[in-house]
K.L.:
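My questions all concern the structure below.
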Amino acid sequence: MAKDHSNFFNDVHDVARLIPKGKVTNYGSIARYLGATRSSRMVGWAMNAAHNIDDIPAHRVVNRVGVLTGKNHFADPGEMQALLESEGIKVENDQIVDFKTHYWDPVVELEM
DNA sequence: TGTTTGACTGGGA
DNA sequence: CTCCCAGCCAAAC
């Protein structure tokens with residue numbers, strides 16, 4: 001993993017791309033993986049910039065409790081849930097069911 | 001150059 | 001248990 005700190009966005013985009021299909025993670029974990037634990041908000045911000053990039057599965061990134069907080073930022077609010085469900089992830093009331101089961105922590109999986 | 005914002009988080013009431 | 005508040009940090013205005 002080439003940690004390109006020149007661009008915070010780049011880092012976030014890079015990690016987001018590594019999220020396996022059918023798995024989800026939260027902003028805090030990504031931030032932690034990048035060494036910016038307290039910059040969880042920036043992760044979301046970076047994802048906002050990722051809108052131009054279709055390689056970034058932003059739908060696999062949710063907040064810590066598994067709520068699709070960013071669904072509103074998608075082209076279609078229902079797109080996020082649809083994508084998740086298409087990957088085998090159940091979503092109910094804008095919240096991921098068994099979030100812990102589908103949880104994918106870059107810090108653990110990528111081990112740095 | 002200074003202020004506001006935000007796809008968050010954690011802790012307290 | 002749910003609701004509210006303060007902290008955090010980089011980009012946008």
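To find a chain, count down the sequence lines: A is the first, B the second, and so on, and within it residues start at 1. What you see below is based on every heavy atom in this structure, not just the backbone, and it leaves out hydrogens, waters and symmetry mates. Keep in mind that what you see is a predicted model, and the values were worked out from it rather than measured.
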K.L.:
What pairs of residues pass the side chain to side chain donor-acceptor pair (under 3.5 Å) test when at least one of them lies in residues 86-99 of chain A, not counting sequence neighbours?
P.N.:
A:His59-A:Glu87, A:Arg60-A:Glu87, A:Lys71-A:Asp94
K.L.:
Just grab all the salt bridge (charged side-chain N to carboxylate O under 4.0 Å, His left out) pairs involving residues 26-36 of chain A, residues at least two apart or on different chains.
P.N.:
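Not a single pair qualifies under salt bridge (charged side-chain N to carboxylate O under 4.0 Å, His left out).
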K.L.:
Pairs in or reaching into residues 36-50 of chain A: which pass side chain to side chain donor-acceptor pair (under 3.5 Å), with residues at least two apart or in two chains?
P.N.:
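Every candidate side chain to side chain donor-acceptor pair (under 3.5 Å) pair involving residues 36-50 of chain A fails, so no pair, neighbours aside, qualifies.
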K.L.:
Determine, for nucleotides 7-13 of chain B in 5'-to-3' order, which nucleotides have protein heavy atoms under 4.0 Å from the base (write B), from only the sugar-phosphate (write S), or from neither (write -).
P.N.:
BBSB---
K.L.:
Expressed as a whole number of angstroms, how long is the span from A:Asp11:CG to C:dC9:P?
P.N.:
16 Å
K.L.:
Show me the side-chain donor-acceptor pairs of residues 16-31 of chain A shorter than 3.5 Å, one per line, residues at least two apart or across chains.
P.N.:
unit_1  : atom_1 : unit_2   : atom_2 : d
A:Thr25 : OG1    : A:Trp104 : O      : 2.8
A:Asn26 : OD1    : A:Ser29  : N      : 2.9
A:Asn26 : OD1    : A:Ser29  : OG     : 2.5
A:Tyr27 : OH     : A:Val61  : O      : 3.4
A:Ser29 : OG     : A:Tyr103 : OH     : 2.2

K.L.:
Side chains of residues 62-69 of chain A: which donor-acceptor pairs under 3.5 Å do they make with residues two or more places apart or in other chains?
P.N.:
unit_1  : atom_1 : unit_2  : atom_2 : d
A:Asn63 : OD1    : A:Val65 : N      : 3.4
A:Asn63 : OD1    : A:Gly66 : N      : 3.1
A:Asn63 : OD1    : A:Val67 : N      : 2.7

